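Numbers here simply count residues along the sequence, with the first being 1. Predicted model, so just to flag it, every value in this text is computed and none were measured.
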Amino acid sequence: MTQPNTITIESRGAIDILTLNRPAQLNAVSPDMIAELTAYFADLHDRPTTRVVVLRGNGPQFSAGAELGSDAFAAPGKGRPQRQLKMQQSYSGVIRLMRSCPQPIVGLVHGAACGAGFSFLLACDVRFAAPDARMNAAYISIGVGGCDMGSGYLLPRLVGLSVASEFLLTGRFIKAERAKAIGLVSDITPADELLAKGIAFAEDMLRVSPMGLRMTKQALNTLIDAPSLDAALMIEDRQQVILLETHDHAEAVAAFRERRDPTYSDQ
C-alpha cells in the first residue's frame, strides 16, 4: 500500500500498531481514512508475517466518528442514492475486512469513540479501555438508524440484545466502568499504560502457533452464528484434524514435554 496520511503503521516484529492519526480532527473518519484502512486490512489477508494488530487513536480521543460534511455524505443531485450507497458500503467494508482478516485485533480505547470509531472497536477481537473512555453508537443522534457499520450485528453478540438496544436506540454513552461490567472491554488500564497493556496481550498470542491463532479467530467468527451444537462441533473437529497434522503441533507437544518455549515455523 502507498504511504498513508490518516493512519500510521508501526511494526514491532509480528505485531502491527495501527494508529488513527488525525488528532487535530479528533480522528474523525473521512473517506481518505476509510480508503487507507481498506487497503491496510485487505493487505493483511495475504501477510502471514503480521500475526496480531493493535488498534489505537492518536491525540485526546480515539475517534469522534464520521466526519460530518465530508464527501462521505453525497451531494444532492442525480444519482445521489447510488453514490451514497457506494460510499456507505466502503465504510461498512472496513468492518467486514477487520472481522475476516486472520489476525486478531486488539482495540485500545481512550477518550471518546463515537459512531464509526465505536464500530471499529466492536470489530476488534479484544478491547481494553482507559478510565476516561466513553463510547456510543452516535448514528441515531444525527437522524439515521442506530444500527450502522456492523453495530446492530456485533454489539448484541458482545453484550446481549437488551443492553445493545439500550445504547443503539438512544445513542447513550457507555463509560469505561459500565463497558467492563457488561463485558464490552476486558479491562480498564491507566491511559499511559494502555499501549503497553495491548502489546503485552499481543505478545501472549505470539506464544501460540500461527496457524492455530488464525484458525481460532476464523472458527469464532463462524461459531457465533452456528445453527446448532452439532454444526459447531463439526467445524471444531475439522479444525483440530487440520492442526494436528502441522509441524507446529508436534513442536508445541515437544516443547511442553521438554519444558521449553516452542519455536514455530507456521507449517
Side-chain angles (χ1 to χ4, degrees), residues 6-7 18 20 22 25-31 33-34 37-38 41 55-57 59-74 84-85 87-100 105-188 194 221 224-225:
T6 67
I7 61 175
L18 170 62
L20 307 180
R22 302 183 72 211
Q25 295 80 28
L26 306 180
N27 296 321
V29 180
S30 65
M33 180 182 283
I34 288 296
L37 289 171
T38 298
F41 283 112
L55 174 64
R56 62 196 292 258
Q61 314 296 338
F62 178 82
S63 174
E67 187 171 58
L68 300 180
S70 73
D71 291 340
F73 300 89
Q84 193 64 61
L85 178 60
M87 182 60 70
Q88 178 75 27
Q89 290 172 335
S90 70
Y91 274 60
S92 64
V94 173
I95 305 302
R96 183 180 292 107
L97 289 170
M98 291 176 69
R99 294 309 310 143
S100 63
I105 305 170
V106 181
L108 307 179
V109 56
H110 71 286
C114 306
F118 181 50
S119 287
F120 291 160
L121 289 171
L122 296 180
C124 294
D125 296 278
V126 180
R127 288 152 294 277
F128 297 103
D132 69 341
R134 55 195 189 103
M135 300 158 271
N136 79 328
Y139 311 109
I140 202 166
S141 302
I142 59 168
V144 294
C147 300
D148 193 9
M149 292 183 66
S151 62
Y153 179 89
L154 296 168
L155 189 59
R157 284 162 172 77
L158 291 168
V159 302
L161 180 59
S162 179
V163 175
S165 297
E166 174 187 345
F167 295 107
L168 294 179
L169 293 170
T170 65
R172 286 180 178 177
F173 276 96
I174 312 168
K175 295 185 179 179
E177 290 291 345
R178 179 78 188 280
K180 183 179 179 182
I182 61 178
L184 184 57
V185 302
S186 295
D187 204 359
I188 300 172
L194 197 56
N221 276 340
I224 193 69
D225 291 321

Any [X] side-chain heavy atom under 4.5 Å of [Y] side chain:
| X | Y | answer |
| --- | --- | --- |
| Cys147 | Leu168 | yes |
| Leu20 | Leu55 | yes |
| Leu121 | Leu184 | no |
| Arg22 | Glu67 | yes |
| Leu26 | Pro60 | yes |
| Ile105 | Leu18 | no |
| Val163 | Arg178 | yes |
| Arg96 | Phe41 | no |

Using 0.5 Å steps for rounding, measure from the [atom1] atom of [X] to the [atom2] atom of [Y].
| X | Y | atom1 | atom2 | result |
| --- | --- | --- | --- | --- |
| Gln84 | Gln89 | CD | CD | 11.0 Å |
| Met98 | Leu37 | CE | CG | 8.0 Å |
| Phe128 | Lys180 | CZ | NZ | 10.5 Å |
| Leu158 | Ser151 | CG | OG | 11.0 Å |

Closest non-hydrogen atom pair between [X] and [Y], with its separation:
| X | Y | answer |
| --- | --- | --- |
| Ala123 | Ile95 | CB-CG2, 4.0 Å |
| Cys114 | Ala138 | CB-CB, 4.3 Å |
| Ala116 | Val29 | CB-CG2, 3.9 Å |
| Tyr139 | Gly146 | CD1-O, 3.5 Å |
| Gly59 | His110 | O-NE2, 2.6 Å |
| Ser63 | Asn27 | OG-O, 2.8 Å |

- [ ] Could you please spell out the steps behind the side chain to side chain contact (heavy atoms under 4.5 Å, CB included) verdict for Ile174 and Val159?
- [x] CA-CA 12 Å; Ile174 312 168; Val159 302; over 6 Å; no

Is the backbone N or O of [Y] less than 3.5 Å from a side-chain atom of [X], with the two atoms forming a donor-acceptor pair by type?
| X | Y | result |
| --- | --- | --- |
| Arg127 | Gly107 | no |
| Asn136 | Gly171 | yes |
| Gln61 | Gly111 | no |

Task: Pair Tyr91-Ser119, side chain to side chain donor-acceptor pair (under 3.5 Å): steps then yes or no - done: CA-CA 10 Å; Tyr91 274 60; Ser119 287; over 6 Å; no

Task: Derivation of the side chain to side chain contact (heavy atoms under 4.5 Å, CB included) call for Arg56 and Leu194 - done: CA-CA 9 Å; Arg56 62 196 292 258; Leu194 197 56; over 6 Å; no

Task: Ion pair Asp125/Arg99, N-O distance below 4.0 Å - done: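 Counted as a salt bridge, because a side-chain N and a carboxylate O are separated by less than 4.0 Å.
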
